[in-house]
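Comments concern the structure below.
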Amino acid sequence: MISSNILESLNPQQAAAVTSDRRATLILAGAGSGKTRVLTSRIAWLVRSGEVSPHSILAVTFTNKAAREMLTRISTLLPINIRGMWVGTFHGLCNRLLRIHHREAGLPETFQILDSADQQALLKRILRGMNIDEEKSPAREIGWFINAEKEQGRRAGAGDVSDPMVERWSEVYLRYEQQCVREGLADFPELLLRCFELLTGNEDLLAHYRSRFSHILVDEFQDTSRLQYQWLKLLAGERSSLCVVGDDDQSIYGFRGASAQNMSDFQTEFGAHVIKLEQNYRSYGAILDAANALIRNNPHRLGKELWTSQGRGELLRHFEAADDSEEASYVVEEVKRLRDQGVELSQMALLYRSNAQSRVLEHTLFSSGLPYRVYGGLRFFERQEIKHALAYLRLVANPGDDAALLRVVNIPARGVGARTLELVQQAALDQGISLWEAARARPPSGKAGAGVAGFVSLIESLRAQAVGQGLAGIAEAVVERSGLKALYQAERDGADRVENLDELVNAAATFEADTHSLTEGDPEAPPRGVTLADFLAHAALEAGDNQAEAGAQALQLMTVHASKGLEFEAVFLCGLEEGLFPHENAVNQESGLEEERRLMYVALTRARHHLYLTSAEARMLHGRSRYNQPSRFMAEIPAELVERIAKRPPRWTSHTATPSWAGNARAAAASPAQSAGAPGSAWRIGQNVLHGKFGPGVIMDAEGRGLDARVQVKFRDVGVKWLALEYAKLIPA
DNA sequence: GGAGACTGCGTTTTT
DNA sequence: CGCAGTCTCC
């Protein structure tokens, strides 16, 4: 049997999941049970069996990263052409369908995707236009309302409005919709709903895709929203096979609409065949016992218990610190100890419930000279300069995009201020035309008019130049001729931004080279090349990595949410206190507390060997000290699995001179290999330094990491300054 | 139009 | 406490 090697080394449950021939299969996959492997093996199995063409397979994931990983793993299993297989996120797949069938969907060919920030900005604009007090109805809340309505499948003006508040919000929803239609925009939930409506409204289209995708697979099914589940059911129809993988115990995104109830609904509605993957290949026994015991406190589970054939391993360790900085110091010591034992830094993770906790930890890490890497923060396509450049690109694709115009009409400054814009906006409103048309038809007179006219001719010229040009060429023209690059070149701290703009041109070139065609492998769809709209959609749907220097030898810092799906030799889970974890906002609701517990479960199951739990009696939060009880979750872990670590002997203070360590500790955060500074040197708070121009000083504070690392130095003669370590040639003194 | 002071707020986050 | 977003003054 040609497929036998795919099944080799799978356990019986995994093999059953891979080969299940039932129409509906629910794979209940515990943490570390090899679920991605099962999913990819199943796809390979289906194709290898010869009965299923890659063309008939639709695989849905939650993140682009997961989609990429799935594709990579499938190609190692299947040395054949996997083109024609559709693998992507819900949003990515919906975008694809909407692009191909934009006419039937009632969208312009070059419709743009609004990310959450764009949506917010548009809403603010509309609220201002309606004279609604933003204090009483914040754009955030209305956006949340609109997204929830779309999630329910409700269009603007469709609901019954009795509540005056809801009535007002519905009015905003209506205006927002109209504006989106006018400008050719679709927000994230719109992609899903519009695609759903496209299929429900077109029998032929629906029949086509139903018969095409005979095999639908879904990863992280516990994270699907109700609408996404509806979409899946619609596409599956009466015949297609549906194989979904998920873990109700790892459902931690309820707050943004995920509904683990889809799992039990799937079970009852489809009579799904349930396969449980409970053998864990990641963690030692004590860790799994702790996780099992904890999660047992949640009622309403589908039921599942992890086990391992490995031994019990080390006990968990609980360190209760007096305060947050002692907690951090303890972590640093243990990290160093493990590193000396041979555990790689990149195999250690520091997890916390909320981002605010990272500051103290980072501070201590920086002083200790341990290299570390923080996940989270701004991603490439979310950066200001990139969003500006994208706005120009959007205008090239579609000058009727008011949002894009408003964003950059005066960036770089062209003397187009609020007053001038008001005139243009009024003209657009009066005549029911776009801002672009209004600006072009009758630019305001005087100095301001010159700015508007200049902008109009710039965009027109860019549009003319774009015809027949490649993506990279268009991007380059925009970056250069818009004046954006020059703007940042003139800024003192603009070097990174200039670099990012160049990187955008590279990204466009890469996208052009890698993406052959959206409709590739779709003989029934009209062939077309890669367009600017495709690239812009890519930018909106995949905002890029939010951390640089992957693979670096550095301790990994992230929220528990961000750690889902990852694994580490050693995990440090910090801030295990009531109010923090479980978070105070979640403890009043049963469902909230259960989600917190699942979050704790996720955190525990990240660790392979070493699992440290830490809490602090006192903690600085929002500028004041708070005294917390240890987390109730600590009490839910059997005491015999936990070794309590006694408080440490009095610490050496950070004020004592420790000239020796500056030489031996390697602060990767502070000393990029290519930096001009002495290799192997390190910086810490309180250290005396010498600067070529500013003279002697002492380091007061530090922030950032890698190439972004900056220190605050109090100079004897010239006062306090922030210096980028990469550029400032500081000398330890 | 832009820099600097001021205010208020403060989970988790992908698309 | 630290940040982001707003306001105010030049």
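Nothing here was measured: the structure is a model prediction, and the numbers come from that model. Chain A is the first sequence line, chain B the second, and so forth, proteins listed ahead of strands; every chain is numbered from 1.
Crowding of A:Arg140 atom CZ: a count of heavy atoms from other residues, nucleotides or ligands under 6.0 Å not exceeding 12.
When the C1' atom is used for both B:dT14 and C:dC3, the distance is 23 Å, rounded to whole Å. For B:dT11 and C:dT6, the C1' atoms lie 25 Å apart once the distance is rounded to whole Å. If you take atom P in B:dT12 and the same atom in C:dG5, they sit 15 Å apart, rounded to whole Å.
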Table of protein N/O atoms under 3.5 Å from nucleotides 5-10 of chain C N/O atoms:
none

Give me, pair by pair, the N or O atoms of the protein and of nucleotides 9-11 of chain B that are less than 3.5 Å apart, along with how far apart they are.
residue: B:dG10; atom: N3; partner: A:His622; partner atom: ND1; Å: 3.1
residue: B:dT11; atom: O4'; partner: A:His583; partner atom: NE2; Å: 3.2

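Neither side chain, A:Glu491 nor A:Gln489, offers a donor N or O lying under 3.5 Å from an acceptor on the other.
At the phosphate of B:dT13, neither OP1 nor OP2 sits under 4.0 Å from any side-chain N or O atom of A:Arg379. Taking only side-chain nitrogens and oxygens, A:Thr559 comes nearer than 4.0 Å to OP1 or OP2 of B:dT13. Residue A:Arg414 places no side-chain N or O under 4.0 Å from the OP1 or OP2 atom of B:dG1. Using a 4.0 Å cut-off, no side-chain N or O of A:Asn95 falls inside it from OP1 or OP2 of B:dT15.
Under a 4.0 Å N-O distance rule, the pair A:Asp115/A:Arg379 does not qualify as a salt bridge.
With a glycosidic angle no further than 90° from 0, B:dT11 counts as syn.
Residues that satisfy the ring-ring contact (aromatic ring centres under 6.0 Å, His included) test with A:Phe62, not counting sequence neighbours, are A:Phe90. A:Phe572 pairs by the ring-ring contact (aromatic ring centres under 6.0 Å, His included) definition with A:Tyr612, not counting sequence neighbours. Under the side chain to side chain donor-acceptor pair (under 3.5 Å) criterion, A:Glu567 pairs with A:Arg282, A:Arg608, sequence neighbours left out.
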If you look only at distance, which donor and acceptor atoms sit under 3.5 Å apart when one is on a side chain in residues 252-260 of chain A and the other is two or more places apart or in another chain?
residue: A:Ser259; atom: OG; partner: A:Arg226; partner atom: NH1; Å: 3.4
residue: A:Ser259; atom: OG; partner: A:Gln261; partner atom: N; Å: 3.4

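Within 4.0 Å of A:Phe90, counting heavy atoms only, lies no atom of the nucleic acid at all.
Because its NZ or CZ atom is not both nearer than 6.0 Å to the ring centre of A:Tyr173 and within 45° of the ring axis, A:Arg155 does not count as a cation-pi partner of that residue.
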